[in-house]
Each structure stands twice: as C-alpha cells, then as structure tokens.
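Here the structure comes first, spelled out in structure tokens, and everything after it is commentary.
If you read the sequence from its start, that first residue is 1, and numbering goes on from there. When a ligand or atom number is given, it counts from 1 through the structure's own listing order. Atoms considered below: every heavy atom in the structure, side chains included; atoms not considered: hydrogens, waters and symmetry mates.
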Amino acid sequence: MAATFAGAQGAAAPAQLHVNVAHNVSSVSPTLYGLMTEEINHSYEGGLYGEMVQNRSFHADWEGEPPWDLVRHGDAVATRSLDSSTGPSTALSFSMKLAVSSASPGNEAGLTNPGFWGYGVKPGTTYSGSLYARVDDAGIGPITVRMVNNATGETAAEAQVNLLAGPWQRYAYKLVTSRTVKPSIANHLEFTVSHAGTVWLQSVSLMQPTFHNRPNGNRIDLMERMAAMHPAFLRLPGGNYLEGARQKDWYDWKKTIGPLIDRPGHPSPWFYWSTDGFGLLEFLEWCEDLKVEPVLAVYAGFSLDGSHVATGKDMEPYVQSALDEIEYVTGNISTKWGAERARDGHPAPFPLHYIEIGNEDYLDHSGSYTARFAQFAEAIRRRYPQYKLISTDGNSEYATRVNADVSDEHYYKSPSDMMDLAHHYDAAPRNGPKIFVGEWATRSGSPTPNFGDALGDAAWMTSMERNSDLIVMASYAPLLTNVSPGGMEWPTDLIGFDAGTTYGSPSYWAQCLFAAHLGEHTVESSVAGVGPRFFYSATVSAQAKVLHLKLVNASTVKQPLALRLEGVQGAHIARITSLHAATMEATNSLSDPLAIHPVESVATIAGSAWEHTVPALTIEVVDIRY
Ligand code: AHR
C-alpha cells in the first residue's frame, strides 16, 4: 500500500535525546522575545488605541469624510459639508458643518458614525467622550449623543452636550451603559440636535475604558493579551509606518506629540489615515505599562516609493529630528525635548538601549543606505555613544561593513520554509554584530496563523533560543489585526480582534509559552534518530534549577523519545504544556477563540531516564525542576 496519511497513526522509531543540565553552552538573551507593531491592519486606529469613533477629525478623501453620515429622523431637514474656513486649531483648521433647517424633538438631525466596524457595548461601562464645537447661536440647543443598536434601534447610552454661543470650545460627555445591557458590537453613534441652526464640529471622540485608566490610553483586552506574551521590548514606530509611502509621509514624530488638537495626523502607508492620537508619547507609555523597553527606530530618509533624501545638507534636518527624538525619549527635564516631554505629562525619561536607523533599507536599490547610515550613526554616536545602533540592510556582513552593532533581519516564510530555516544561524559567525530578528512570521493562515504556522514558528523559536547568544532580540510581525471586513491589509497576524473581543492565534499561544519558559542558558544536548520535522531546544533557569525543554513535532507521526537527562537525579515532576491540533489548517477565530489552546499535564520522572512520546502535530514546553 502506498504511504498515505494512514502514517498519522504510526510512530517513528524512538529517538535518543540527551540533555546535560550541568553543562551550559551559550547564553540566552533576556530580551529575546519582544513586540513589533505599526499602524497596519487598524492596529491602533480601530485597535489598541482606546478611541472608538472612526475618523474623528473628519479627514476627507475622494469619497468625502467616510464613514460619517447624515441622519434625519422624521421630517428633519439638514445638510453636512466640510468647512475648510473654520476649525479649533492650526493643525485641525477645518470642520464638519451641520446646517439644520428644520428639526424638533423626535424629528432630530445630525451625524452618525459606525465606529471601527461597530461599537463594543458592554454592561455597566462608562465611555468618556469629548468634542470640539462652535455655534453662533445657542438656539440650536444641546447635542444629544446616543449609542444605538443597529438592529433594534434601542439606545444603550445617552448624553446631552450643552453648547455655548461663541468661539470653538471643547466639551466633555460620558456615556454609561446599564448593568443589564446585552454585550454587542452592532451599534453606532448618533450626534443630533432638535432645533434648526448650524453647528461646526471637530475631534468628535469617544474613548473606551483604558488599561491602567490611562487618559488617551489603550484598549484593556489587547494590552492583557500582550502582557501574557512576556515581552521584553517594543520596536516602534514601524515597519513601513516609519518610512511612509512618500517622503512627505515620514513619521514626523514632532507632529504626534502634545495636545491632541494640535496633531494634524498623517496617512499610514497601509492606506488609511492616522489621527496620531496614538503618537510617540503613547508608544512610550505603552512600553511603560507593559514594563518593556522601546527599541526606537528613527526615519533615515528612505520612503516606500523608492526615493531617498540625499546625504549631507538635505539630510541634516532628519538627523536633527532623530537627535531631538532621542532627547525626547531619554533626556532629563533640563533638556529642551526632555522638558517638552514633561510638559506633555511625563517628566521621567524612558530607558533606551537600541536605536534602529531606518527600516528594510535593502529595498533602497540606489545603494544610498551606506552613506545615510553613516551620517546618522556619526551624529548619534557623537552625542549618545552609549546606544547600540541597528542597521536595516538585512544581513550581518553589511552591518559589519557599516560598523553597526546589530543587524535587523526579517523572515516571512511558509511553514515548510520556516522549518527549513531552523539551522540558519547555527554556524553563523559570533564575532560580528548581534542579530535582531525585527520581523518574522510563518505565514499561511488568514487573518491569523493556523496550527501549521504555529509549528513553523515554534521550530523557528527553538532555533532562535539555540542561537540567542547571537540573536539578542526578535519580534513577530505584524502583531495585530482587526478582523472585521475591511480591517486588514496584511494577512497572518498574531492576534485578531473586532470592536468587542480579541483572540490569540495558535502562534500567539506558542509564543506565550516559549517566552514564559525562556531560561538563561542553553545546555549541552544532542539528538539521534528523530523523524523529520522534529525540533527542540534545551535551556535552564540556573537559579531556580529548572530545565526548559521545547519539543516540536511538526510531522503527522508521533515521536517517541528516550530522554537521558544528565544532572537530573531522583524523582521529578515534568510539567508539560501542550498545543496540539488534528490538522495544520486548524485554527482559532473570533467565533472559536480557544479551539487550540495550551493544555497542562504532569509526568513523573523516576531518575535521569524518561520515556516520553510527543504526539503528531504538537508543540510541548516541558519544565523539569532538577
Ligand atoms: O510587517 C509588515 C511589513 O513588512 C512591515 O511594515 C515592513 O517592515 C515589512 O516589509
């Protein structure tokens, strides 16, 4: 009979896995696992950022100011138009003009906003709203804000905003849901008036409750998901988001700080507008809330349209911007930009060790990166010799040539290609720059990785742990996607969410497990006689005396192991956490968020020998206290 999937029921021959916990081989970087996101897939706008109103600043495109719409109840008569002649600030010098020629209680007119594919209504919850408005005549009466169910038309929460005639003013309001309201995302917001008149609006906002109650902060469930990944750093602000589609769209961080009303916003290269409510300080506070360090990427003059800024005089303003940015992040309050940060509400400097110059500069086929890197590196090192500089040409020979401390290398691969890459760094030179795997992902699932991807990721993580004397940091990308139709630009993202809930993909769970059981050193180990697609790493936490074994069986055949654990004597408990699925295609989703999830079990080991079988299509993290 031909070899078929029936092999799935069979077993490979027992393999010999020898581990010596007493013999350290190489160090494991405590910063190995970190985070990388950018404004892609509505990661911030419509994602992590607590703002619920889509396009709160009425940014216009060829279709108008989507997704805002006019609402006219009963026989109300009104028009809406973008007015470029008035706005509350220089940055937002335009507004939405609502001209109501006829309205009355019950026959109201106004604007609706569908949110980022809905509004997450939860029971007993307070939502904090604000808006800027101008009325010349207060006879238009108050604005009523309602959160309305799309299907039933029922109001989940309501507030009144009383307007004062005169110049632009900021108004605050709160929407509070009852304890009995049914959780749902199929809701929209209405801002209506019940008298004739004209009102101009700008920065119409509604914030959901935020992590640590931070004003202008982050969505709680997504922050909790990230915290569970035990990250050590956050690479910010991109990715392509750093560069922009065109030079004029570069991440000009100075326009992303200070009062929200003074932030003009800018287009993300991922085809939508960023209000920059989630700006540089918000990135840094996100680091603070997760207790991780920023890895700060500075714009180095290359944009995605392939153009670059010439080195020398033309580049000087960008170099100065980078120096100012580093001062904003790290300077004390006696420095110009440190004082600016304090005025923005954060007197304490942030920790920093790494600065990345550009992003994926191997895409600059003009060869200008060498000179651009040199100009930035020279200026940064002169002023800040303590920081390690990361080059982004994507290979360490290049990084050696330009005298970078670290080389950022990116891998997006299919499951089998990722597994084939698992020995890529085993023989890499150790006397050159360190490696930052600043973006990596096994990609076949959409919107989030399937179990085959998780197996590729786990195989890759065993290899990064084995080589973590060289690989100092690694971050999966992209981390987040809004899975609502229209929310995603880049498939295969670690965490999926909509306006109401989130879920972790199988790859997410694999990463949580690996990071939670990292260890400080690899230990001597060898394997003989394993079947194909078996991967492992062996690290120890020396003080706690715990051996962490990661065993990855990516084949459809179970893998029996005869383990010899040198240095482990007497009776021991092995704590096993497993991720398993019946097929490579199996996955998690919003409707089945825990189809694949970690399952814990224990095994008793009598001495240094342990017979253990890793089932087919299984990732195991085994802790053995010795
Ligand atoms: O992670 C998505 C994109 O992939 C990043 O923006 C870019 O750096 C890479 O090409």
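- Atom numbering of ligand 1 starts at 1 in the shown order; those under 4.0 Å from a heavy atom of Gly239 are 6 (O), 8 (O).
- Ring centroids of Phe283 and Phe278 are separated by less than 6.0 Å, placing the two rings close together.
- Below 3.5 Å of separation, one finds no N or O of His410 facing any N or O of ligand 1.
- Using a 4.0 angstrom heavy-atom cutoff, Tyr241 does not count as in contact with ligand 1.
- The shortest contact between atom 8 (O) of ligand 1 and any protein heavy atom is with Glu439 OE2, 2.7 Å.
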ring-ring contact (aromatic ring centres under 6.0 Å, His included) for Tyr299 and Trp253? Distances and angles first, verdict last. CA-CA 10 Å; Tyr299 176 67; Trp253 65 274; over 10 Å; no
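- Residue Trp270 has at least one heavy-atom neighbour below 4.0 Å for each of these atoms of ligand 1: 3 (C), 6 (O).
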How far apart are the C-alpha atoms of Phe211 and Trp286, what are their side-chain angles, what is the distance that settles it, and do they pass the ring-ring contact (aromatic ring centres under 6.0 Å, His included) test? CA-CA 9 Å; Phe211 193 71; Trp286 171 18; over 10 Å; no
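- Side-chain contact, Thr275 with Glu45: a donor N or O sits under 3.5 Å from an acceptor N or O.
- Between Glu360 and ligand 1, an N or O atom pair is found at a separation short of 3.5 Å.
- For atom 1 (O) of ligand 1, the nearest protein heavy atom (residue, atom name, distance) is Tyr412 OH, 2.7 Å.
- The shell of residues lying under 4.0 angstrom from ligand 1, judged by heavy atoms, excludes Gly238.
- Salt bridge status for Asp453 with Arg443: absent, with no side-chain N to carboxylate O gap under 4.0 Å.
- Atom 5 (C) of ligand 1 has its closest protein heavy atom at Glu38 OE2, 3.2 Å.
- One finds no salt bridge joining Glu620 and Lys550 here, because no Lys/Arg side-chain nitrogen approaches an Asp/Glu carboxylate oxygen to under 4.0 Å.
- Numbered from 1 in the order shown, with element, the atoms of ligand 1 that lie under 4.0 Å from a heavy atom of Asn359 read 8 (O).
- Salt-bridge check for Lys255 with Asp262: failed, with every basic side-chain N at 4.0 Å or more from each acidic carboxylate O.
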